[in-house]
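Letters go in sequence order (proteins before strands), and every chain restarts at 1.
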Amino acid sequence: MEIPFAPLAPSGVLSLMPTLFCGQCFRWRETEPGLFAGCSGTSPALIRQTENGVEISSAAPPAYWRRYFDLDTDYPAILRSFTGRHPFTEAALSYGAGLRVLRQEPWEALCSFLVSQCNHIGRIRQILDDLCRLFGKTYSWGGQVFFAFPSPTTLAALSLDDLAPLRAGYRAKYLLSAARHVADNPDFFSELAALPLKEARAAISALPGVGVKVADCFLLFGLHKLDAFPVDTWMKKAASYYDPPLSADAFGPYAGIAQQYIFYYIRSIESAGKGQSRW
DNA sequence: TGCCAGGCCGAAA
DNA sequence: TTTCGGCATGGC
C-alpha cells in the first residue's frame with residue numbers, strides 16, 4: 001500500500017541530513033537515500049527530502065512535526081545575525097545550511113547526553129537503540145517497526161542488572177538515577193523550562209552524571225534554550241580551526257545554534273581527515 | 001597494545 | 001580553585 005506523504009517544509013527551509021545527523025539526536029536512520037525513519041515521543045514517522053522540500057508520513061498531526069523541527073522559528077533572521085563574526089563561522093553556516101535545532105522530548109535528550117559522555121557516536125546510537133528496543137513500546141508505520149523511547153517510570157522500575165545488556169558501562173547508573181528523579185517529580189522538565197538558563201543549568205546539574213557539558217546539551221537540545229552553549233574538550237581541541245577562539249558572547253541569545261553549525265562543520269573536517277564516511 | 005570517544009566524580013594539591 | 005586518576009565499553 002502506498003504510504004501517504006504530506007508536505008512539511010518547502011525547499012531550502014529544512015535539510016534533513018545536517019539536522020538529523022549533526023549530533024543533537026541519535027535515533028533517526030536513513031533507510032534509503034533521502035528517506036529517514038524515526039520516532040519522537042509516541043509518534044513514528046517517515047520523512048523524505050525531495051527537490052521540492054521535505055515531506056512526512058506520520059499519524060501525528062503536522063503541527064507536532066512543525067514544532068519538532070522548529071519550523072516556526074525564523075532561522076534566516078537568526079543566522080543573519082551571525083554574519084561578519086568570522087570566516088570560519090561563515091563556512092560553517094554554509095556547510096550546514098538547513099540545520100535546525102530540534103525540539104526533542106526533554107527526557108530522551110537528557111538520556112541521550114548522559115549516554116554520550118566519553119563515548120563514540122556509533123555506540124551512543126547503539127546503546128539508545130537497544131534501550132528503546134528492550135524497554136520501549138513498539139509501533140508500526142509504513143511497514144516498518146519503531147520503538148518509542150521508554151518513559152521515566154518504565155526505566156525507574158528497572159535495575160542495573162536489567163540495563164546490563166545495553167553495555168552502557170558506568171552511564172547506566174546515571175540513567176537510573178535520572179529516571180527515578182523524573183518519575184518522582186513529573187513536572188520536573190516543565191519547571192526547568194520555565195527557569196532562566198542559569199537556574200535551569202543549576203537544577204539539571206544536580207543530577208548524578210550531569211556536568212557542564214551534559215547540562216548544556218540538555219538545555220539546548222532538550223529544553224530548546226538557544227542561548228545554551230555546550231563548549232567541551234572536543235570544541236577546544238578544534239580551536240586550531242578558528243582565531244579568536246569560539247565564544248558564546250559573540251553569538252548572543254542564539255549561541256547554541258551557532259555552536260551546533262560550527263560543531264557539525266568541524267566534525268566533517270575531522271572525519272574527512274580520518275578518511276571516514278559520513279557519521 | 002594503546003588511544004580515544006560531544007565527561008563526570010571525588011580526592012588531592 | 002585547578003588538576004588528575006578512575007570509571008565501562010568497544011572501535012580503530
Note: contacts of residues 164-171 of chain A with DNA chain C (heavy atom, under 4.0 Å) are A:R167, A:G169, A:Y170, A:R171
Expected list for residues 112-120 of chain A near DNA chain C, using heavy atoms below 4.0 Å, is A:C118, A:H120
Side-chain donor-acceptor pairs of residues 192-205 of chain A under 3.5 Å, sequence neighbours excluded:
from: A:R201; atom 1: NE; to: A:D216; atom 2: OD1; distance (Å): 2.9
from: A:R201; atom 1: NH2; to: A:D216; atom 2: OD1; distance (Å): 3.0
from: A:S205; atom 1: OG; to: A:R201; atom 2: O; distance (Å): 2.6

Please check the phosphate of B:dA5 (OP1 and OP2 only) for any side-chain N or O of A:R123 closer than 4.0 Å.
no
Looking only at side-chain N and O atoms, does A:K173 come under 4.0 Å of OP1 or OP2 in C:dA8? yes
Under a side-chain separation threshold of 4.5 Å, the hydrophobic residues clustered together with A:V212 are none
Discussion item. Roughly how many Å apart are C:dG5 and B:dG6, using the P atom of each and rounding to a whole number?
Written reply: 22 Å
Problem set entry | Whole-Å P distance, B:dC9 and C:dG10 | 23 Å
Where DNA chain C forms runs of at least three Watson-Crick or G-U pairs (i with j, i+1 with j-1, under 3.5 Å), the stems are B:2-5 with C:9-12, B:7-13 with C:1-7
The ring pair (Phe, Tyr, Trp, His ring centres under 6.0 Å) partners of A:F189 (sequence neighbours excluded) come to A:F218
Review point. Should A:K213 and A:F113 be marked as a side-chain contact (heavy atoms from CB on, under 4.5 Å) after you check the CA-CA gap, both sets of side-chain angles, and the distance that decides it?
Key: CA-CA 9 Å; A:K213 169 64 185 311; A:F113 286 95; 5.6 Å; no
Check: Is a donor-acceptor pair below 3.5 Å formed from side chain A:Q260 to base B:dG6, judging by atom type as modelled?
Finding: yes
Winner on side-chain proximity to A:Q259, out of B:dG6, B:dC8, C:dA8, is B:dG6
Item to complete: Answer yes or no for A:R48 and A:F5: cation-pi contact, defined as NZ/CZ to six-membered ring centre under 6.0 Å and angle to ring axis within 45°.
Response: yes
